[in-house]
Amino acid sequence: MNCDKCGKKAVIELKYMGKKLCKSCFSRIFERRVRKNLRGTVNKKEPVAVAVSGGKDSMVMLHLLNRWEYNITAICVDEGIESYREHTLSAVKTYCSEHKIPYKIFSFKEEFGITIDELKERKKHPCSYCGVLRRNLINRKVKNIYSKIIMAHNLDDEVQTLIMNFFRGELERMARAGLKVGIKDIEDFVPVIKPLRNIPEKEIVTYALIHNIPFANNECPYSFTAYRRDIAHCLNFLENKHPGTKFAILSSGDKLAEILKSYFLTGAKPDKCRICGNICKGDICKVCELLKEISS
Ligand code: SF4
Ligand code: ZN
């Protein structure tokens, strides 16, 4: 199989484009897409935090931002998941040390007094707790130091989340979809940029392998709720039969988000949690609610 652009040996077939590509033609297209997402959303000089787990997506993101000389600091979260997080964190530490990228690690145990392993003994599905606590921790540690948080969610993640929100009727969450996620004019909330959100997972793995970008390949033992796995399975089936389906869903979701934004995100000042002072809806924020629930 030869590259449809230059005739060299092809390494990947992008069915939605109807093209087979060699290493360099594929890399050029891949990088062009990421650069386009960064242009207009992140300034090279501003200090930004990159949320890095050590997996393929965040390691590719870190690699590109560092190569393109953005002003980055890697932010890692240790949720306390034995036989998993220590491996992924060690991949990040080694890479950052070798490439002289500053990094910071924050732990659930130190910040919230509980690990996800401990939480799993009390709660069947720790992922929803884990996600809320992680977002809160990163936002808290990053605000007033970095102007933006870069997250490496890929196309597959984004489309799965969109469909799950739709099926569950979570329209307010759907309103927050987009390249730049944030609440306008609220200084407590650091905007999140997702420059890989229109790049399929398979292409990120291919890019990492071509460019020898190390990444931790192990999965969190609690990873993927059965529901997300089923949604991913259906989406992959559709994508194989009808290439371009995931891009089409992303684009429809973004259009819908624009309409939903004017309904839900009106710019009205949100409440502040009476326990911790975080911005929230109502009296107590989600984190304090969770911590209260856990400790009871
Ligand atoms: Fe946390 Fe779930 Fe992700 Fe594991 S899979 S790190 S428990 S959100
Ligand atoms: Zn609170």
Side-chain angles (χ1 to χ4, degrees), residues 51-59 61 75-89 91-92 105-142 149-174 176-177 181 192 194 196-197 201 204 215-236 246 253 278 280-281 284-296:
V52 184
S53 68
K56 58 188 182 329
D57 306 316
S58 59
M59 292 305 280
M61 192 70 258
I75 302 288
C76 314
V77 175
D78 181 359
E79 302 90 343
I81 304 170
E82 224 190 293
S83 315
Y84 164 66
R85 194 43 97 205
E86 64 265 33
H87 301 298
T88 66
L89 285 179
V92 181
I105 301 175
F106 302 107
S107 94
F108 273 17
K109 188 71 183 176
E110 277 172 30
E111 299 292 331
F112 303 116
I114 191 161
T115 65
I116 288 296
D117 282 341
E118 288 163 353
L119 200 139
K120 178 69 176 87
E121 286 168 21
R122 291 190 239 171
K123 300 283 169 195
K124 206 167 156 212
H125 302 296
C127 288
S128 53
Y129 296 88
C130 187
V132 170
L133 295 178
R134 190 185 315 108
R135 268 192 302 280
N136 172 276
L137 181 54
I138 295 179
N139 189 68
R140 199 148 40 83
K141 296 294 179 184
V142 156
I149 303 167
I150 302 204
M151 299 255 187
H153 297 181
N154 62 42
L155 175 70
D156 297 64
D157 301 328
E158 288 284 285
V159 174
Q160 286 157 18
T161 303
L162 203 151
I163 295 288
M164 283 166 69
N165 285 339
F166 179 68
F167 283 0
R168 288 169 170 159
E170 304 256 26
L171 300 183
E172 195 170 344
R173 284 176 186 238
M174 290 178 73
R176 295 201 195 102
V181 186
V192 171
K194 301 180 187 174
L196 300 184
R197 73 186 293 270
E201 185 179 26
I204 296 177
F215 61 88
N217 216 357
N218 50 340
E219 249 188 45
C220 172
Y222 314 127
S223 82
F224 262 70
T225 58
Y227 192 44
R228 185 177 277 271
R229 201 185 286 276
D230 290 345
I231 298 281
H233 185 77
C234 293
L235 288 167
N236 289 340
K246 290 178 189 172
N278 268 332
C280 68
K281 257 196 160 176
I284 298 181
C285 77
K286 203 110 182 111
V287 172
C288 289
E289 204 179 285
L290 291 181
L291 294 175
K292 233 172 105 187
E293 200 187 318
I294 294 162
S295 62
S296 60

Nearest heavy-atom pair of [X] and [Y]: which atoms, and what distance?
| X | Y | result |
| --- | --- | --- |
| Glu289 | Ile284 | N-CG2, 3.8 Å |
| Lys246 | Leu235 | CE-O, 4.0 Å |
| Glu201 | Asp156 | N-OD1, 2.8 Å |

Query - From CD1 (Ile75) to CE (Met151), nearest 0.5 Å - result: 10.5 Å

Report task. Would you give the length of the straight line joining atom OH of Tyr84 to atom OG of Ser53, rounded to the nearest 0.5 angstrom? Result -> 5.5 Å

Query raised in the report: Among Asp78, Leu133, Leu119, Ile114, which residue meets the side-chain contact (heavy atoms from CB on, under 4.5 Å) test with Phe108?
Result: Leu133

[Y] and [X] side chains, donor-acceptor separation under 3.5 Å:
| X | Y | value |
| --- | --- | --- |
| Lys56 | Asn217 | no |
| Arg228 | Thr161 | yes |
| Asn136 | Arg140 | yes |

Requested in this report: Kindly write out the residues that satisfy salt bridge (Lys or Arg N to Asp or Glu O under 4.0 Å) with Glu86, not counting sequence neighbours, or none if the list is empty.
Outcome: none

Requested in this report: Would you sort out whether Glu118 and Arg122 count as a salt bridge (charged side-chain N to carboxylate O under 4.0 Å, His left out), showing the intermediate values?
Outcome: CA-CA 7 Å; Glu118 288 163 353; Arg122 291 190 239 171; over 6 Å; no

Requested in this report: Tell me, yes or no, whether the heavy-atom count around Lys109 atom NZ, taken from other residues, nucleotides or ligands under 6.0 Å, exceeds 12.
Outcome: yes

**Report entry** Over 12 non-hydrogen atoms of neighbours within 6.0 angstrom of CZ in Phe166
**Finding:** no

Query raised in the report: Is there a donor-acceptor pair under 3.5 Å between the side chain of Asn218 and the backbone N or O of His87?
Result: no

Query raised in the report: Taking side chain as C-beta onward, heavy atoms only, is Met59 less than 4.5 Å from Val92?
Result: yes

